[in-house]
Amino acid sequence: VKLDYEKQIDSVIISELNSYLQDRSPQEILSWAWSTFGYQVVASSSFQTQSVPLLHMIGNTTPQLPVIFLDTGFHFSETLQFRDVLQQQFGLNILNVQPELNPQQLAKEHGEKLYDRNPSLCCHLNKVEPMKQAVKGLRAWITGVRADQTARRRQLNVIELQEDGLIKIHPLLNWTKKDVWEYVDEHRLPAHPLLEKGYVSVGCAPCTRPVFAGENERAGRWRNMAKTECGLHT
Ligand code: SF4
């Protein structure tokens, strides 16, 4: 399915694309996205263990595809090291995107520990807004979102059209947690160093806790808060 660039992308076209892509493999979806959009598409990744299969596929199928890492200034040092290891190992084209204010400037302007007092504002300033700037003028954005992660994500389609016209692509949407681990095992891929300490899903350090047996993999994110998403995918 080829996109006609002259044509306005509407819900009918998105629905046709979903019919075409929903049963394709993540690698096929990546190849389709790259051949359709070229440098008008980017991927984003949080560089945790669950991100590794998609990053491995990008390295193998579309290595030029820019992969955005939102360097909020609040990451674990292990995440930054893991990002560098994966860049080397998979030959990734990583773009580190930083917010307008670094953590010191943020504290000066909004007070200490904004992540505790107003995590939505903190995520907006450190993730949502920088990402918005990074994808400005582009056609499409590839994410590592899976339907089995949260109730909200279950409602997504492989291809989504945002109100601002940006096309969101979720190649792993129909993968399960089991698929991720099988892929990691099969290809003997590295795991985030904090995984062995119980950090199944890793985000910014102040908002990530280990997960206990039987809990949802994202239970350690914003623990004891109603928040489940940073706002990038909602
Ligand atoms: S995850 Fe936490 S520290 Fe990171 S941007 Fe969101 S609220 Fe701030």
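Predicted model, so just to flag it, every value in this text is computed and none were measured. One-based numbering, in listed order, for ligands and for the atoms of each.
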Q.
List ligand 1 atoms under 4.0 Å from Asn126, heavy atoms only on the residue side.
A.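 Counting from 1, the qualifying ligand atoms are 5 (S).
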Q: Identify, by atom number and element, the atoms of ligand 1 in contact range of Pro119, meaning under 4.0 Å from any of its heavy atoms.
A: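 Answer, ordered by atom number: 7 (S).
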Q: Apply side-chain hydrogen bond (donor to acceptor under 3.5 Å, both in side chains) to the pair Asn96 and Arg83, showing each step before the final yes or no.
A: CA-CA 10 Å; Asn96 291 300; Arg83 171 200 60 189; 2.9 Å; yes
Q.
Ring centres under 6.0 Å, that's the criterion: do Phe76 and His192 meet it?
A.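 Between His192 and Phe76, which both carry aromatic rings, the centre distance is not below 6.0 Å.
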Q. Listed by chain and number, what are the salt bridge (Lys or Arg N to Asp or Glu O under 4.0 Å) partners of Glu109, not counting sequence neighbours?
A.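 Salt bridge (Lys or Arg N to Asp or Glu O under 4.0 Å) check on Glu109 returns nothing, list empty.
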Q.
My understanding is that only residues two or more places apart in sequence, or in another chain, count here; which of them pass salt bridge (Lys or Arg N to Asp or Glu O under 4.0 Å) with Asp179?
A.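 For Asp179 there are no salt bridge (Lys or Arg N to Asp or Glu O under 4.0 Å) partners, ignoring immediate neighbours.
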Q: Determine, using the 4.5 Å side-chain heavy-atom cutoff (strictly less than), whether Tyr20 and Leu172 are members of one ILVMFWY cluster.
A: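 Linked, Tyr20 and Leu172 end up in one cluster.
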Q. Who gets closest to atom 1 (S) of ligand 1 by heavy atom: Cys204, Ser120, Gly73?
A.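 Going through Cys204, Ser120, Gly73 one by one, Cys204 has the nearest heavy atom to atom 1 (S) of ligand 1.
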Q. Does the shortest distance from atom 8 (Fe) of ligand 1 to an N/O/S atom of Cys123 fall below 2.8 Å?
A.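 No.
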Q | Part of Cys207 with heavy atoms under 4.0 Å of ligand 1, whether side chain, backbone, both or neither | A |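 Under 4.0 Å from ligand 1, Cys207 contributes side-chain atoms alone.
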